[in-house]
Amino acid sequence: MKTAKKIFFWTLVTFALIQFVPIDRVNQPVDSKVNFVEAKAAPEKVRTLLKNACYDCHSNETVYPKYAYIAPISWSVKSHVNDGRQRLNFSIWGTYNKELKENMLDRSIEALKHKTMPLPGYIVYHQEANLSQAERTLLIQYFDEMLKSKTY
């Protein structure tokens with residue numbers, strides 16, 4: 001019984017101490033001239049879908065939920081955000097070259113078609129990101145039209 005109490009005590013102490021590991025949750029300023037939804041004058045429905053389903057991980061407009069302030073969950077959330085921004089950051093869309101934009105649009109279309117984005121774990125806590133098939137189709141058509149007309 002003493003061993004179990006010691007394990008519990010040190011687990012609790014460790015959990016308390018890791019709360020002091022700093023996580024940078026500061027979003028970089030967003031320039032509307034290069035931010036996707038403003039620069040492309042995206043239709044309101046597309047804008048809303050992107051903001052609800054994509055922008056938390058793929059922009060500098062991340063809204064961190066309460067659970068993102070509790071370690072070690074905060075570490076995982078920050079890692080996902082960093083990875084998402086590295087792969088595609090809508091806030092700096094206008095700074096990407098033509099090839100990157102084409103590639104990102106193609107990958108976005110594929111992720112929407114195969115329902116790999118938004119991540120299932122994200123949808124559990126963010127029901128507004130759970131895109132219906134019609135909403136996925138709308139985004140796919142919007143991105144596809146951008147590719148065809150080369151207006152990215």
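It should be emphasised that the depicted structure is a prediction, and the values quoted were computed from it without experimental measurement. Excluded from the calculations below are hydrogen atoms, water molecules and symmetry mates; all remaining heavy atoms, backbone and side chain alike, are included.
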Heavy-atom pair with the smallest gap, counting every atom of S74 and A68: CB-O, 3.0 Å
Heavy-atom closest contact (S32 atom, E38 atom, distance): O-CB, 3.4 Å
Atom CD of Q133: over 12 foreign heavy atoms under 6.0 Å: yes
Y96 and W93 aromatic ring geometry - parallel, tilted or perpendicular at 30°/60° bounds: perpendicular
Same cluster (ILVMFWY, side-chain, under 4.5 Å), I70 and Y122: no
NZ on K150 to NZ on K101, rounded to 0.5 Å: 12.5 Å
Exercise: identify the closest heavy-atom pair between A53 and P118: O-CG, 3.6 Å
Side-chain heavy-atom pair I92, Q28 within 4.5 angstrom cut-off: no
Within one Ile-Leu-Val-Met-Phe-Trp-Tyr cluster: V30 and V46, side-chain cutoff 4.5 Å: no
Co-membership, hydrophobic cluster, residues F15 and F8, 4.5 Å side-chain: no
Side-chain touch D106/F143, heavy atoms, less than 4.5 angstrom: no
Approximate separation, where rounding is to 0.5 Å, of S108 OG and F90 CZ: 5.0 Å
Hphob cluster co-occupancy, F9 + L17, side-chain heavy atoms under 4.5 angstrom: yes
Other ILVMFWY residues reachable from V34 by side-chain steps of under 4.5 Å: none
Working for side chain to side chain contact (heavy atoms under 4.5 Å, CB included), residues M117 and C54: CA-CA 8 Å; M117 283 287 153; C54 309; over 6 Å; no
Backbone of I123 reached by a side-chain donor or acceptor of N130 within 3.5 Å: no
Other cluster members, Y125 - Ile/Leu/Val/Met/Phe/Trp/Tyr, side-chain contacts below 4.5 Å: Y64, Y67, Y69, I73, V77, V81, V124
same_hphob_cluster(L112, L147) at 4.5 Å side-chain heavy-atom cutoff: yes
Whether K78 side chain and R25 backbone form a donor-acceptor pair below 3.5 Å: no
Over all atoms of both residues, closest heavy-atom pair of E61 and D56: O-OD1, 4.0 Å
Members sharing V26's hydrophobic cluster (side chains within less than 4.5 Å): none
Spacing of M104 atom CE and M146 atom CE [to the nearest 0.5 Å]: 12.0 Å
Any C57 side-chain heavy atom under 4.5 Å of R87 side chain: no
Separation between CD of Q19 and OG1 of T14, rounded to the nearest 0.5 Å: 11.0 Å
Intermediate values then yes/no, side chain to side chain contact (heavy atoms under 4.5 Å, CB included), L138 and Y142: CA-CA 6 Å; L138 175 67; Y142 182 73; 5.6 Å; no
Heavy-atom pair with the smallest gap, counting every atom of I140 and I109: CG2-CG2, 4.0 Å
From R85 atom CZ to S59 atom OG, the distance as rounded to the nearest 0.5 Å: 6.5 Å
I7 to T11 - nearest heavy-atom pair and separation: O-OG1, 2.7 Å
Separation of N97 CG from Y152 OH (nearest 0.5 Å): 10.0 Å
Student check: side-chain heavy atoms of W10 and V13 closer than 4.5 Å: yes
